[in-house]
Amino acid sequence: MRYTKYINNDWLYKPDFKEEYINTTFDGKGFEKVELPHTNIEIPYNCFDEKIYQFTSCYRRKLSLTNWYKNKKIFIDFEGIMIYAKVYLNGNCISEHKGGYTPFSVDITNYVNFNEENILVVMVDSTERKDIPPYGYVVDYLTYGGIYREVKLRIVDKLFIENVQVKVKDTLSNNIYTEIDVYLENTFDIGKYCEIKASIIDGGNTIDSKVNKFAIKAKEKTKVTIFMDNFKNIELWDLDNPKLYSCHIEISDNKKVKDSFETKFGFRQAIFKEDGFYLNKIKTKLIGLNRHQSYPYVGYAMPERVQKKDAEILKYDLGLNVVRTSHYPQSRHFLDRCDEIGLLVFEEIPGWQHIGNNEWKTVALNNVKDMIYRDWNRPSVILWGVRINESQDDHDFYKATNEIACKMDETRQTAGVRYLPKSELLEDVFTLNDFTHNGGKKVLMSAKKAVGNNKTPYLVTEYNGHMYPTKRFDQEERLVEHSLRHIRVINKQLWNSRISGGIGWCAFDYNTHKEFGSGDKICYHGVMDMFRIPKYAASVYASQSDHKLVMDIISLGSIGEKDESKALPLHILTNCDYVVLYKNNIEIDKYYPDKKIYKNLYHPPIVIKHIINPDIENEPVRKKDVKVLKETIKEIMSNGKEGLSLKLRIQVLWVMFRNKIKIQNMIEILSKYVAGWGTEETYYTFVGYKNDEEVIRKTIGGNVYASKLLLRADDNILVTSLSSYDATRIVVKLLDNRGNILPFINEFIEFEVSGPVKIIGPKKVGLIGGTIATWIKTTGEKGDVKIKAKCSRFNSNEINIVVK
Ligand code: GAL
């Protein structure tokens, strides 16, 4: 049977490389102990020299293997090393690998000294090598360095399973069946005639199994296909019920099990057609964002829980149904979570605008193979991106990438992201970054203009981004416009049935090269910042779904923050049915979603254009006339004086006549009751209703001041049983007396931590826009953890975490 063990601990690391480090006799001088995932250097949040991670480093680890494994095959599986690696065992160079985003395995069998200590050495070159994608030209993201994903020791029999592909066919018919391709290798000197057993498992129950015989020659690699069709009451994988099944394969020789392999998969049909995307025949508009897999301080090197959390943020906090892994295959943990929670994925090969020479292209072709080989069973993956993001046409190259994808996986469509409309299409789906919207009237180009016909399936893969970079602590109006630009595009794509969906740029701010971003090595294009803390635009997405209750008033409630001190219009991003507004606790009005302007949205925003001073009720005119005054104020505020209808003009004249009001007095009355934020203390309370029941309440404005430092952890239980260390995010917020973040406060925060965890990144940080986060990671010990934060004015609450 196979034996696997993660070897993510006990590595020794040095941020340089010398030939002597390869020798078994080298004494390890200058090396420090590290664990994987590891970044070759911790970097500051911003404003660093981007060259700091571009160097060659060395990782060393002892490996002990007993005689017991003498007649086995022994592999080391590397999940991701940035960007080039050479692997040595006991002084012998065994293998090299180009490319930082795909896994590779090294067969160390012939170099192992059994019952002795073995020295595994990895030379990691994290320079931006022109022979490896994405490099060769400028790139709008950093790639960081190090062995940033996990490593596993895998010991198998000499006849073993390399991989398994489960292809579900005729998914929605009564004749549903699976074609299971088992990739086998026989390294024995003799041929074998063996049994192979495939089982489909639902939770703990085997729902079907099948045994076949197969013959494999000496030193041969082969594929054995098993068909299974006994499927009754299969649950489909979909967005609300992402049902996963397991396929378990066992091979036996002479009744003895020699190897086994298990993979998860789902029964689902995903297809892009000319009129949109269909999941299990249900037309599903795709609403998503692009994700870079980077984090502050450690770049790409985050462990399982943190990777999974990103998928949860996208699905539950932002309410998305699709993510594009821009611009490379991402962590398997992230994708596992997408499978588990029902978040669709557009996965693509590494690259950015540039296509290199033949050597470079060979690496790109390998990337296509390795991406598909790793992820072909994932129900979440609905498209293979087989073009370099935003590159020019290259017929032969893209013919080759498409051929690889079609040959390896006929169950999924291909796409390739471009910025040139009508560029050559060798894929199944035309995917374009459409940056038409610049705040003006034009929002998206027509599918016909983008694709050149009315037939090819069409998906928008980016919008906004560099068109309107926005920091979380920018002036309110910029943040509001940032949100509105996202809303307008979603509204438009939902309306256009030729567009399968839109994937905006982007989910999280990210570190980038000097040619991009705000000059501080950050692109502020996210709807959340690098710490995954939301900007207003995050609520645009969140409010379109019903995963959680959303009612975000996207204003600080302070007229001085607004251009020309104009308090209105005021936008509320919400999935409530309506909102009732109170001024200083006096009810003003009920406001409904703006279905006129945003008619295609699931939950249009509420736009408050008029707030009428409540004491208008005490005006010494007849009740009926108060109504006319209110109507008139609303109309003037929404459409200007010129927009007053004839009917209202006549009514106003009547009011004046009946109450003996002169024109000048009438103007005074009207302006007296147009409420802005007021001169006296004015605060506004918004109460959200669903099905006529109050569900949420928020207050803004008035005399606000710093009142509390709030600390929260994403998780209260961490474990030592994962394949590597565990980690979670800690968020600290400086809140005002109404419970809102104060985006313009600058305070130094110091974290105090006790127990078996370490802080990732600095212990002292400045608040960024009133809040910041950090991550803590386990040290391998179990026990109780206590965390507190302090600033000059407040101590936060204490949070307790247990490491089990
Ligand atoms: C696109 C590119 C993205 C990002 C974005 C910013 O052209 O594909 O990676 O740079 O622009 O808007």
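Note that ligands are numbered from 1 as they come in the structure, with each ligand's atoms numbered from 1 the same way.
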Should you measure from each heavy atom of D140, which atoms of ligand 1 turn up under 4.0 Å away?
-> 4 (C), 10 (O)
In terms of atom number and element, which parts of ligand 1 are under 4.0 angstrom from non-hydrogen atoms of G465?
-> 12 (O)
For K471, side chain to side chain contact (heavy atoms under 4.5 Å, CB included) partners two or more places apart | F473, D474, S518, Y524
Just checking, is any N or O donor in the side chain of Q413 or D428 under 3.5 Å from an acceptor N or O on the other one?
-> no
Identity and distance of the protein heavy atom lying nearest atom 12 (O) of ligand 1 | H466 ND1, 2.6 Å
Polar proximity ligand 1 side, W352 side, N/O cut 3.5 Å exclusive | yes
If you round to the nearest 0.5 Å, how far is CD1 of I355 from OH of Y398?
-> 3.5 Å
So the atoms of ligand 1 within less than 4.0 Å of a heavy atom of N433 turn out to be 8 (O)
Any salt bridge between D375 and R378, counting N to O under 4.0 Å?
-> yes
Would you say T431's side chain and G416's backbone share a donor-acceptor pair under 3.5 angstrom?
-> yes
Under the salt bridge (charged side-chain N to carboxylate O under 4.0 Å, His left out) criterion, do R488 and E481 qualify, and how do the steps go?
-> CA-CA 10 Å; R488 291 185 206 116; E481 174 60 15; 3.1 Å; yes
Purely on distance, is any nitrogen or oxygen of H327 under 3.5 Å from one on ligand 1?
-> yes
NZ/NE/NH1/NH2 to OD/OE distance under 4.0 Å, D275 and R498 | no
Near E390 (heavy-atom distance under 4.0 Å), the atoms of ligand 1 are 1 (C), 2 (C), 7 (O), 8 (O)
In terms of atom number and element, which parts of ligand 1 are under 4.0 angstrom from non-hydrogen atoms of H525?
-> 6 (C), 12 (O)
Closest approach of any protein heavy atom to atom 1 (C) of ligand 1, naming residue and atom | E462 OE1, 2.9 Å
Atom indices of ligand 1 within 4.0 angstrom of N389 heavy atoms, with elements = 2 (C), 8 (O)
Have a look at ligand 1 and work out which part of F435, if any, has a heavy atom under 4.0 Å from it: side chain, backbone, both or neither.
-> side chain
Is any side-chain N of the basic residue among K535 and D509 closer than 4.0 Å to the acidic one's carboxylate O?
-> yes
